[in-house]
Participant: 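Below is a structure I'd like to ask you about.
Only this structure's heavy atoms are used, side chains among them; waters, hydrogens and symmetry mates stay out. In what follows, every chain begins at residue 1, and chains take the letters A, B, ... in the order their sequences are listed.
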Number of protein chains: 2
Amino acid sequence: MHRELLLLGLLRNEDMHGYRLAEFIAHDMAFCTDLKKPTAYHLLQKMAADGLIDESAEQEGNRPARTVYRITAAGEARFQTLLRENLRHYQSIHFAGDIGLAFIDALPQDEAHDLLRQRHAAITAEIEHLSSVAGQTHTDGGLALVFDHYLYHLRSESAWLAAVLNGEPRTSPPG
Amino acid sequence: MHRELLLLGLLRNEDMHGYRLAEFIAHDMAFCTDLKKPTAYHLLQKMAADGLIDESAEQEGNRPARTVYRITAAGEARFQTLLRENLRHYQSIHFAGDIGLAFIDALPQDEAHDLLRQRHAAITAEIEHLSSVAGQTHTDGGLALVFDHYLYHLRSESAWLAAVLNGEPRTSPPG
DNA sequence: TCCTGACTAGTCAATCTTGACTAATCAGAA
DNA sequence: TTCTGATTAGTCAAGATTGACTAGTCAGGA
């Protein structure tokens, strides 16, 4: 459902064709969604069938024709509903990396420790990378908030993993 | 891929039939995965076809026959590989709730604030609930670690959202 | 001019995922 | 005993998702 919200939200800002939508999402929102190009096309077609968006053909020079999508009044109403639902609720997350943790006792302690150190290094690297990209794009309005959230989350993950690696007692709160 | 790891890890501990696996996952691992019953069956059949697990029929009383799965040597090898891969890497997460945040400017500030307060209350409620269930099950070995991670994450989310609601400056680290 | 590699705009088959359903068994109440 | 609702053990069709592919365009170098 949040994928529809994403597409409607972007179309609300500006009419776009599928390729551009997918590209924007992949380049500028990679840190908060993993919506792929074919999925975007699929959802766009479905939403068009539902009357939430309008399709129109557009030709530029003699490049291949593009299908441009524009949000309708029904789509705007949907957006409003979905947005409120999204903000109101907390949607719990599952960490793929936790499955490994659940079976960590299957490995010798030394090796497990070493692997987790590599994981910690990967988190640190992502924090560095994100921090360095910080001021470049998506520094506007809502996306800035999301960016901050992601960075905060990464720091929290890093801190938790560091505590585990130091053998600190469990279930300690952050901050 | 982590779903295969999960099923192999559980079968490694004990032979089981599909229904029991799915039930255990839904009851005792809900906080770290969302693998559904039909998906579990699908993966079990695939892994059986790949020779990672063996199928055998089992009849108890005159209850319907059950297909019991047992991990093979190839399956154990796969488990070892997948476990190391899982622990070594950090797999980044996407928050469905972030999509709403990205478009929060579309709502009047007061309403947005109010909705986020409801979200915060939902997180608090989940923390309460989890804390109360803490000592009951999954307090063993790896699952204890995962449980701690989830609780830590919830606290981190709560803290971040509280900071946002208080209008505190962004991109502050936890702890 | 011709060729190569990159970009544009999408499509498609294969795979994954799940809500809803089936069909049998059992426990306990009426 | 008979009925109801819960539990057991799955199946299935429908829908979601994605890696790999197509087919045209364009820029720049040889």
Participant: Between atom CG in A/L43 and atom C1' in C/dT11, what is the gap in whole Å?
Facilitator: 16 Å
Participant: Would you say A/R3 places a side-chain N or O within less than 4.0 Å of OP1 or OP2 belonging to D/dA16?
Facilitator: no
Participant: Given atom OH of A/Y41 and atom P of C/dG10, what is their separation to the nearest angstrom?
Facilitator: 4 Å
Participant: Could you report the tightest heavy-atom contact between B/I104 and B/A112, atom names first, then the distance?
Facilitator: CG1-CB, 3.7 Å
Participant: May I ask you to verify if any side-chain N or O of B/K36 is less than 4.0 angstrom from the OP1 or OP2 atom of C/dT18?
Facilitator: yes
Participant: Could you tell me the separation between the CZ atom of B/R20 and the C1' atom of D/dT7, rounded to a whole number of Å?
Facilitator: 14 Å
Participant: Between B/E85 and B/H89, is the side chain to side chain donor-acceptor pair (under 3.5 Å) condition met? List the steps.
Facilitator: CA-CA 6 Å; B/E85 278 326 285; B/H89 300 302; 2.9 Å; yes
Participant: Which whole-number value in Å describes the distance from B/I25 CD1 to D/dA9 P?
Facilitator: 15 Å
Participant: Classify the side chain of B/K37 versus the base of D/dG10 as yes if they form a donor-acceptor pair under 3.5 Å and no if they do not.
Facilitator: yes
Participant: Within the structure, does a side-chain N or O atom of A/T67 lie under 4.0 Å from either OP1 or OP2 of C/dA9?
Facilitator: no
Participant: What's the closest nucleotide to the side chain of A/R66 if the choices are D/dT18, C/dT11, C/dG10?
Facilitator: C/dG10
Participant: With respect to the phosphate group of C/dT11, does any side-chain polar atom (N or O) of A/Q45 fall under 4.0 Å of OP1 or OP2?
Facilitator: yes
Participant: Starting at atom CE of B/M16, determine the distance to atom C1' of D/dG10, rounded to an integer number of angstrom.
Facilitator: 17 Å
Participant: Verify the contact: side-chain N or O of A/T39 to OP1 or OP2 of D/dT18, cut-off strictly under 4.0 Å; return yes or no.
Facilitator: yes
Participant: Between B/H42 and C/dT17, is there a contact of a side-chain N or O with OP1 or OP2 at under 4.0 Å?
Facilitator: no
Participant: Could you tell me the separation between the CD atom of B/E55 and the P atom of D/dG10, rounded to a whole number of Å?
Facilitator: 10 Å
Participant: Is any side-chain N or O of A/H17 closer than 4.0 Å to OP1 or OP2 of C/dA9?
Facilitator: yes
Participant: Any side-chain to backbone donor/acceptor pair from B/R78 onto B/L8? Under 3.5 Å, distance only.
Facilitator: no
Participant: If you look at every strand shown and take non-hydrogen atoms under 4.0 Å, does A/A22 touch a base, only sugar-phosphate, or nothing?
Facilitator: nothing
Participant: Name the residue closer to the 5' end of DNA chain D, choosing between A/E4 and B/P38 according to the nucleotide with the nearest heavy atom.
Facilitator: B/P38
Participant: Using a heavy-atom cut-off of 4.0 Å across all strands, would you classify A/E58 as base, sugar-phosphate, or nothing?
Facilitator: nothing
Participant: Would A/H149 and B/E157 count as having a side-chain donor-acceptor pair, cut-off 3.5 Å?
Facilitator: yes
Participant: Measure the distance from NZ on B/K46 to C1' on D/dT11 and round it to the nearest whole Å.
Facilitator: 19 Å
Participant: How close or far is atom P of D/dA9 from atom OH of B/Y69, stated in whole angstroms?
Facilitator: 13 Å
Participant: Among A/H94, A/H153, A/H2, whose ring pair (Phe, Tyr, Trp, His ring centres under 6.0 Å) with B/F95 holds?
Facilitator: A/H153
